[in-house]
Amino acid sequence: MLNELGQTSKVVGVKQVRRALANGQAKCVYLAKDADPQLTQPLERQALERGVEVVWAGGMRALGRACGIAVGAAVAATTRSAEPS
């Protein structure tokens, strides 16, 4: 399922994902299992409240790699619009 992140419009990071959820642009939210729960729990709650699918990724390194960045990522989301990644 992480393969989808490399092939579609996405946002990476807590602020970007929060914004995409608030604007109704997020299609699916990816959360790293080893990320700080203080970061992931509010985003998981917000996604579920808005009916957005939540996928738990193996870890921050794997999620970052799937997003095409050289560092780990706690959260990412695929988006409906062509926002820059």
**Report entry** Under the side chain to side chain donor-acceptor pair (under 3.5 Å) test, residues paired with R45 that sit two or more places apart
**Finding:** none
Report summary line: Nearest heavy-atom approach of A32 to T40 is O-CG2, 4.2 Å
Report task. Using modelled atom types only, decide if a donor and an acceptor are shared between the side chain of D34 and the backbone of G59 within a distance under 3.5 Å. Result -> no
**Report entry** R61 side chain vs V71 backbone, donor-acceptor pair below 3.5 Å
**Finding:** no
Query raised in the report: To the nearest 0.5 Å, what is the distance between CG (L21) and CD (Q16)?
Result: 11.5 Å
Query raised in the report: Quick one: does D36's side chain have a donor or acceptor within less than 3.5 Å of a partner on Q38's backbone?
Result: yes
Report summary line: NZ (K10) and OG1 (T79) are apart, to the nearest 0.5 Å, by 9.0 Å
Query raised in the report: Can R18 and L43 be said to form a side chain to side chain contact (heavy atoms under 4.5 Å, CB included), step by step?
Result: CA-CA 7 Å; R18 187 181 304 129; L43 290 173; 4.0 Å; yes
Requested in this report: Among V14, V11, L39, find the residue that satisfies the side chain to side chain contact (heavy atoms under 4.5 Å, CB included) test when tested with V75.
Outcome: V14
Query raised in the report: Taking side chain as C-beta onward, heavy atoms only, is W56 less than 4.5 Å from E44?
Result: yes
Report summary line: Closest non-hydrogen atoms of A47 and V54, given as atom of the first, atom of the second and distance, are CB-CG2, 3.6 Å
**Report entry** Contact summary for V52 and K27, nearest pair of heavy atoms
**Finding:** CG1-O, 3.5 Å
Query raised in the report: Would you find a donor on one side and an acceptor on the other, under 3.5 Å apart, between the side chain of T78 and the backbone of C28?
Result: yes
Query raised in the report: What pair of heavy atoms forms the shortest contact from A73 to V12, and how long is it?
Result: CB-CG1, 3.8 Å
